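Quick notes on the structure that follows.
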Amino acid sequence: MDWASLYGTIQQSYSSEVTMFRTRFAPSPTGYMHIGNLRTALYAYLTAKGAGGTFILRIEDTDQNRNVPESVQAIYNGLRLAGIEYDEGPDKDGGYGPYVQSQRLPIYKEYAKKLTNSGHAYFCFCQKEDKPILEKTGERTQGYRDPCRNLSPDEVKAKFNEGIMPVIRQRIPDQGVSTFFDHVYGEISIDHAQLDDQVLLKSDGFPTYNFANVVDDHLMAITHVIRGQEYLTSTPKYNLLYQAFGWERPEYIHLPHIIKEDGSKLSKRKGDPSFEDLVRMGYLPEAIVNYVALLGWNPGDEREYFLLPDLVTAFDMNRIVKSNAAFSFDKLRWLNGEHIRALSPKEFHRRALPYYPAGFERFNLEQISALIQVRTENLSDIPGLVGFFGKLPSYEAELFAHQKSKSTPESSKQVLQAVQPLFAEIEEWSNENLFAVLKGLALSLGLKVGTVMWPIRTALSGQEISPGGATELAVILGKDETLRRISLGLEKLD
RNA sequence: GCUCCUAUGGUCUAGUGGUUAGGACGCGGCCCUUUCAAGGCUAAAACCCGGGUUCGAGUCCCGGUAGGAGCACCA
């Protein structure tokens with residue numbers, strides 16, 4: 001008993017009767033997970049999961065020249081990082097495998113043969129170099145029709161005997177218009193005259209994307225094809241293929257592109273970050289996923305903060321926007337801050353830990369984390385935020401003048417001098433005690449609380465701004481270091 | 001060149017014939033405050049242009065313009 005094929009059959013009939021959603025993410029392993037890919041994967045995942053369906057990973061490695069072996073690993077990593085879990089994939093058989101196209105070569109050959117037999121495709125013996133570059137010259141006003149499309153069986157046989165390795169081309173009907181429905185773009189019609197007799201099977205025996213995607217999507221029982229908008233105009237060619245095979249075609253969801261704010265496209269070469277790069281830059285994976293989901297889709301209400309499970313329930317492919325969206329680091333940064341603030345203090349601390357500078361073990365890092373969580377928009381802000389704890393920056397006496405706090409070098413000197421003996425006496429170095437002492441000092445000196453706090457905070461941080469106020473910094477620095485920094489401040493004031 | 005697609009503040013977007021055109025980021029101001037954040041309030045800022053259809057168009061139609069995409073033995 002062949003259980004694998006039996007399982008496949010069962011699933012297949014189930015899927016067609018119950019219209020179980022099956023979507024796939026089908027990247028080619030050419031490098032890393034870029035932002036557009038991430039969103040395509042996400043939308044495919046959400047479409048399937050929102051309907052209780054199945055999400056599949058398929059590797060499209062039919063271009064032997066462009067494959068980067070390690071990048072399959074990068075795809076796994078990217079999906080895992082994003083929390084996008086696939087139900088079927090190269091390492092997770094669901095009965096529709098193999099899920100790597102280079103392992104499906106005999107399948108493509110078999111189906112290509114069906115097409116040549118039925119006349120929907122033909123052998124072409126032209127050499128690559130023979131093909132003139134026709135586009136953009138104005139000469140190409142019709143779809144490409146290869147001279148080989150009318151070769152007689154004898155001629156084909158003769159060419160074969162010459163030892164020429166042919167390609168197989170799709171025979172596009174000369175007349176007619178193809179129309180299909182896309183969930184994002186609506187009804188699309190394209191004249192067959194615009195379509196080329198595209199190559200289905202290359203001379204190296206590998207299929208082209210144009211062929212493999214149709215065969216695999218059908219064989220893998222994909223119900224919803226979700227991919228970039230660049231495939232919109234070639235979709236009629238795929239539909240003709242479905243028709244030639246007598247297969248039912250899938251639903252289509254073509255996605256607009258993600259571009260830069262200046263309107264140009266994202267590109268690794270120009271230094272635009274990939275998903276992994278963004279994570280490395282200190283953005284939370286869940287924030288990136290959230291942000292990317294919003295680039296071209298909205299929930300129909302005013303929510304913007306989403307975790308993946310909420311996206312699953314909120315997502316609706318019919319609310320995908322048609323126009324390109326510009327990637328805004330400003331907004332990502334804000335959303336990242338939202339996600340950081342939404343973390344439990346414990347979880348934030350866990351994620352912040354790797355970002356603390358060397359030597360910070362001597363501090364109570366949980367306390368520092370508690371202070372900086374609300375002030376952190378990006379994890380990589382952390383070193384800059386906390387640096388002064390480790391080493392007091394050099395600063396000028398002018399820093400003690402602060403209008404809003406009614407602080408002047410004179411008042412600062414007075415406060416710092418008064419504070420020294422007071423602090424020295426404190427036994428329990430707690431925020432409450434420190435605050436009480438300083439409030440009392442303000443009262444006895446007849447000064448605003450701010451006027452007392454400012455010089456202390458300044459002396460402790462050496463900065464105009466700091467995460468946390470005077471007493472909070474003092475608690476973290478400890479009594480000795482606090483006293484030392486106050487003396488240092490006093491020296492500047494002399 | 002041909003074909004397809006798109007077009008609401010700087011950016012992401014809501015809007016499906018009648019709205020003071022809503023929200024978010026960013027930017028400005030105010031409040032709060034132990035500096036800065038966070039939080040709250042608030043201001044400025046948009047329907048690409050031209051024709052129609054209609055009592056009435058951001059919304060429908062046509063034409064421009066601008067932008068994007070496709071036209072590979074790449075995906």
Side-chain angles (χ1 to χ4, degrees), chain A residues 26-28 30 60-63 65-66 124 126-128 131 133-144 165-169 182 184-186 188-191 193-196 198-204 206-210 212-213 227-236 254 256-257 259 261 263 265 291 294-298 300-304 319 321-335 337 341 371-377 385 402 404-405 407 435 438-439 448-450 452-454 456-458 461 463-473:
Chain A
S28 55
T30 54
E60 309 226 328
D61 58 345
T62 55
D63 185 350
N65 301 319
R66 297 211 316 178
C124 167
C126 300
Q127 295 305 294
K128 233 185 283 192
K131 298 283 177 240
I133 298 163
L134 293 171
E135 59 265 27
K136 286 171 190 157
T137 63
E139 291 171 47
R140 176 190 282 235
T141 51
Q142 297 289 302
Y144 180 72
M165 284 308 291
V167 300
I168 292 178
R169 284 184 186 276
D182 180 273
V184 175
Y185 290 98
I188 305 287
S189 289
I190 291 171
D191 205 301
Q194 290 301 323
L195 273 22
D196 288 342
Q198 61 183 350
V199 171
L200 265 21
L201 214 58
K202 306 183 229 180
S203 52
D204 63 4
F206 278 68
T208 60
Y209 168 86
N210 300 316
N213 94 83
R227 50 155 75 127
Q229 183 223 53
E230 64 271 23
Y231 297 104
L232 196 61
T233 47
S234 33
T235 297
H254 285 94
H257 289 152
I259 55 175
E261 290 199 83
K265 52 181 166 185
Y291 178 65
L294 258 17
L295 238 31
W297 170 83
N298 71 81
D301 53 40
E302 267 149 20
R303 287 176 295 165
E304 292 201 291
R319 291 195 66 87
V321 174
K322 293 173 163 138
S323 47
N324 291 348
F327 188 96
S328 161
F329 280 94
D330 277 341
K331 185 134 188 185
L332 170 61
R333 191 177 159 79
W334 165 78
L335 195 55
R341 289 185 286 273
L371 233 42
I372 63 171
Q373 179 168 6
V374 73
R375 297 169 172 89
T376 304
E377 281 206 304
L385 231 34
H402 184 68
K404 215 182 122 195
S405 308
S407 242
F435 194 79
L438 293 176
K439 218 165 170 190
K448 286 179 53 166
V449 174
V452 170
M453 297 295 186
W454 178 263
I456 300 168
R457 208 211 97 258
T458 301
S461 68
Q463 298 174 164
E464 203 176 343
I465 61 170
S466 62
T471 62
E472 293 164 314
L473 301 190

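As the structure is a prediction and not an experimental result, all values here were calculated from the model. Throughout, protein chains are lettered first and strands after them, A, B, ... in sequence-line order, and every chain is numbered starting at 1.
In this structure, B/C74 forms no base pair with any nucleotide, since neither Watson-Crick nor G-U wobble geometry is met with both distances under 3.5 Å.
With sequence neighbours excluded, the residues that form a side chain to side chain donor-acceptor pair (under 3.5 Å) with A/Thr458 are A/Trp454. For A/Asp182, there are no salt bridge (charged side-chain N to carboxylate O under 4.0 Å, His left out) partners, not counting sequence neighbours. When the side-chain contact (heavy atoms from CB on, under 4.5 Å) test is applied to A/Asp301, the partners found at least two apart in sequence or on another chain are A/Pro299, A/Arg303. Under the side-chain contact (heavy atoms from CB on, under 4.5 Å) criterion, A/Thr30 pairs with A/Ser28, A/Arg66, not counting sequence neighbours. Scanning for side chain to side chain donor-acceptor pair (under 3.5 Å) contacts around A/Ser466 gives A/Arg457, with sequence neighbours left out. Legend: residues meeting ring pair (Phe, Tyr, Trp, His ring centres under 6.0 Å) with A/Tyr231, ordered by chain and number and at least two apart, are A/Tyr209. Remark: A/Glu472 engages A/Leu371, A/Asn431 in a side-chain contact (heavy atoms from CB on, under 4.5 Å) (not counting sequence neighbours). With sequence neighbours left out, A/Glu230 forms a side-chain contact (heavy atoms from CB on, under 4.5 Å) with A/His257.
Within the 4.0 Å cut-off from OP1 or OP2 of B/A69, not a single side-chain nitrogen or oxygen of A/Arg227 is found. Contact check, A/Thr62 against B/A75: a side-chain N or O comes under 4.0 Å of OP1 or OP2. Side-chain N/O atoms of A/Arg66 include none lying less than 4.0 angstrom from OP1 or OP2 on B/A75.
In this structure, of B/U6, B/A38, B/C73, it is B/C73 that holds the atom nearest to the side chain of A/Val167. Of the listed nucleotides (B/U6, B/A14, B/G70), B/G70 has the atom at the smallest distance from the side chain of A/Thr233. Taking every side-chain heavy atom of A/Val374 into account, B/A37 is the closest of B/A37, B/C4, B/A69. The listed nucleotides are B/C74, B/U6, B/A69; the one nearest the side chain of A/Lys322 is B/U6.
Looking only at distances, no side-chain donor or acceptor of A/Tyr291 sits under 3.5 Å from a matching main-chain atom of A/Phe327. A/Asp196 contributes no side-chain N or O that, together with a main-chain N or O of A/Gln198, makes up a donor-acceptor pair within less than 3.5 Å.
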Per-nucleotide protein contact string for nucleotides 30-36 of chain B, where B marks a base within reach and S marks sugar-phosphate only (heavy atoms under 4.0 Å, - for neither): ---BBBB
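Screening residues 322-335 of chain A for salt bridge (Lys or Arg N to Asp or Glu O under 4.0 Å), with sequence neighbours left out, gives A/Glu304-A/Lys331, A/Arg333-A/Glu377, A/Arg333-A/Asp381.
Note that the NZ atom of A/Lys265 and the CG atom of A/Asn324 stand 11.0 Å from one another [nearest 0.5 Å].
Residue side chain A/Tyr231 does not reach the base of B/A69 through any donor-acceptor N/O pair under 3.5 Å, judged by distance alone.
Heavy-atom nearest nucleotides on RNA chain B were determined for A/Leu332 and for A/Asn298, and the one closer to the 5' end corresponds to A/Asn298.
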Which atoms of nucleotides 22-24 of chain B (N or O only) lie under 3.5 Å from a protein N or O atom, and what are those distances?
residue	atom	partner	partner atom	Å
B/G23	O4'	A/Glu302	OE2	3.1
B/A24	O4'	A/Glu304	OE1	3.3
B/A24	O2'	A/Glu304	OE1	2.3
B/A24	O2'	A/Lys331	NZ	3.1
B/A24	N3	A/Lys331	NZ	3.1

Below 3.5 Å is the cut-off: list the nitrogen or oxygen pairs between protein and nucleotides 59-67 of chain B, distance only.
none

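At a threshold of 4.0 angstrom between heavy atoms, the contacts of A/Asn65 with the nucleic acid are absent. Among the protein residues, A/Arg333 comes within range of no part of the nucleic acid, since none of its heavy atoms lies under 4.0 Å from any strand.
Atom CG of A/Asp196 is separated from atom P of B/C2 by 16 Å (rounded to the nearest Å).
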